[in-house]
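We count ligands from 1, going down the list as the structure has it; atoms in each ligand are counted the same way.
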Amino acid sequence: MNEPDVPSSPRVFVLWREAKDTQLRARLGGCYYLSAWLLVWLLGQGMCDHTLAGLIGGVLFFGLMQLRKRHTLPVELTVQNLKRWLNLHWAIILASAFLWGVTAAWARLQPSFDETWALVTLMTIAFSTLHAFNFSMNLKRARLALLMLYVPTLLVMLHQWQQNLSTLITLMFYLSFLLLLLSSSHREYRHTLAIELKLIKRQEALKHLSLTDSLTQLGNRLKFDSLLANMMNNAKRQGVPLSLVMLDIDHFKSVNDRYGHSCGDICLVGFADVMRNVFRRESDTLLRLGGEEFAVLMHNTSHNNAYVLAENFRKALSEHDMPIGEQSIRITSSLGVGCMEIELDSSPNQFVRRIDEALYQAKFNGRNCTVMSSPKRPQKPDTAERNHEPA
Ligand SMILES: Nc1nc2c(ncn2[C@@H]2O[C@H](COP(=O)(O)OP(=O)(O)OP(=O)(O)O)[C@@H](O)[C@H]2O)c(=O)[nH]1
């Protein structure tokens with residue numbers, strides 16, 4: 001469960017688990033089919049009387065064995081890729097079962113295989129038992145494999161039922177037992193899978209909780225720290241701009257002092273709502289870094305666009321009514337904005353420090369304004385709509 005490549009999406013996980021189990025359990029099958037056929041062919045009269053047929057059988061079993069080995073799991077774990085992989089791998093498994101079933105039936109018809117017939121029957125029983133235990137992930141396909149192993153031989157035996165009556169009854173009895181066994185091992189497999197799925201979902205929920213601020217439901221400081229370096233690397237690699245906006249509520253202490261801590265909390269939630277309304281792109285990551293300090297990371301967003309959005313937010317916030325009991329108040333925010341500069345921002349800390357300085361400058365300039373941190377552009381704080389105290 002702790003493997004790093006375990007898919008977190010439940011749908012992908014179920015298919016991935018089935019594919020991994022199928023691959024693991026089918027790995028040796030090809031080799032056993034080939035060895036069984038060679039034994040049956042070499043030990044009796046088969047090799048002398050049916051040289052060509054024996055060789056063709058050997059080549060076919062060898063080819064199917066190679067296909068099993070070479071058909072590796074897809075690198076990109078998507079629903080489509082995994083479904084395609086499972087279909088093909090099952091086609092190989094079913095082809096092997098069918099080839100054995102037909103070969104066994106054919107051997108039953110040839111007197112040269114009379115000496116090794118007991119071996120053929122034992123192998124059929126062994127292969128079908130392994131199928132019932134190992135391939136319970138997919139009930140329909142495993143049933144089909146069992147039928148492919150048995151039905152050709154049973155038909156031949158039915159045709160010569162006087163000579164084969166006891167063996168025929170024994171094989172049919174055993175087949176019905178295997179079909180029942182398969183159903184119960186399929187139920188067990190599904191049960192184990194359901195438990196694992198529950199754990200995966202719980203793990204995801206815990207991960208989400210650990211990265212989410214419980215009051216505002218925005219990402220928290222931990223999420224910011226774990227994302228920033230990755231986003232900076234991605235932006236560098238893709239050659240796209242990465243912008244960061246840092247936001248701090250103005251005079252928030254006086255809101256708490258005047259209206260109480262719970263009203264302060266209402267303002268924090270309202271602040272986050274306005275953020276969601278303005279920074280709407282799916283690639284925007286909205287965060288509460290702590291207290292009354294927030295941030296937005298914007299992938300593939302230029303200086304200018306980030307500045308425009310930051311200003312839109314500042315204006316929207318200053319016009320947003322925060323409901324405090326019977327009345328409502330308005331709050332303002334100061335913002336620092338900047339775009340990652342490869343020469344300047346050698347580390348995430350460096351980048352954050354630069355934007356934090358712009359935010360500090362915005363506070364210094366009188367609050368309720370946005371300051372852009374850019375080596376190319378002069379800082380242009382908009383002081384037209386300053387609002388020092390909450391209304
Ligand atoms: N209600 C509430 N208040 C909080 C929370 N976290 C921090 N605060 C308060 O936020 C206030 C921050 O005060 P300061 O750091 O002085 O900042 P400010 O009053 O906004 O002043 P400037 O940032 O300089 O405009 C403090 O009173 C904290 O108690 C919280 O989760 N809920």
Side-chain angles (χ1 to χ4, degrees), residues 208-228 243-279 285-297 306-307 309-338 349 351-373 379-391:
H208 176 77
L209 273 180
S210 73
L211 297 176
T212 306
D213 170 54
S214 58
L215 181 67
T216 59
Q217 296 303 309
L218 300 181
N220 60 14
R221 165 75 68 173
L222 187 64
K223 181 164 181 181
F224 180 69
D225 291 341
S226 58
L227 264 186
L228 185 59
S243 288
L244 171 62
V245 183
M246 296 189 74
L247 317 90
D248 190 288
I249 302 177
D250 298 327
H251 301 298
F252 191 54
K253 186 172 177 325
S254 63
V255 175
N256 272 331
D257 292 347
R258 207 149 128 196
Y259 302 101
H261 202 268
S262 57
C263 294
D265 283 356
I266 292 174
C267 291
L268 290 169
V269 173
F271 188 93
D273 289 340
V274 180
M275 279 176 85
R276 286 189 194 94
N277 284 338
V278 176
F279 304 101
T285 308
L286 278 54
L287 307 130
R288 181 184 176 204
L289 302 183
E292 19 72 270
E293 202 187 328
F294 294 79
V296 184
L297 273 165
Y307 182 80
L309 281 166
E311 273 294 276
N312 286 349
F313 170 81
R314 190 184 61 76
K315 286 173 192 155
L317 180 74
S318 65
E319 288 160 10
H320 185 83
D321 290 325
M322 304 283 177
I324 305 287
E326 302 281 284
Q327 51 175 324
S328 65
I329 61 164
R330 287 184 176 178
I331 56 172
T332 62
S333 164
S334 303
L335 298 92
V337 185
N349 279 348
F351 185 27
V352 172
R353 200 173 309 135
R354 197 161 59 79
I355 312 307
D356 214 20
E357 276 164 16
L359 170 59
Y360 180 79
Q361 187 64 44
K363 290 275 181 193
F364 184 77
N365 289 350
R367 295 176 174 78
N368 190 19
C369 64
T370 303
V371 169
M372 185 145 75
S373 165
Q379 291 167 357
K380 278 191 195 163
D382 175 1
T383 51
E385 291 182 51
R386 281 186 195 157
N387 186 4
H388 291 243
E389 292 288 329

Under 3.5 Å, is there a donor-acceptor pair between the S334 and D248 side chains?
-> no
Ring pair (Phe, Tyr, Trp, His ring centres under 6.0 Å): pairs with one or both residues in residues 317-337, sequence neighbours excluded = none
Between NE2 on residue H251 and CD1 on residue I331, distance to nearest 0.5 Å | 12.0 Å
With sequence neighbours left out, the residues meeting side chain to side chain donor-acceptor pair (under 3.5 Å) with R221 are none
Under 6.0 Å between ring centres, would you say that holds for F313 and F271?
-> yes
Which protein residues have a heavy atom closer than 4.0 Å to any atom of ligand 1, listed by chain and number?
-> D248, I249, D250, H251, F252, K253, N256, H261, G264, D265, L268, R288, G291, E292, K363, R367
Only counting residues at least two apart or in another chain, list the ones meeting salt bridge (Lys or Arg N to Asp or Glu O under 4.0 Å) with D265.
-> none
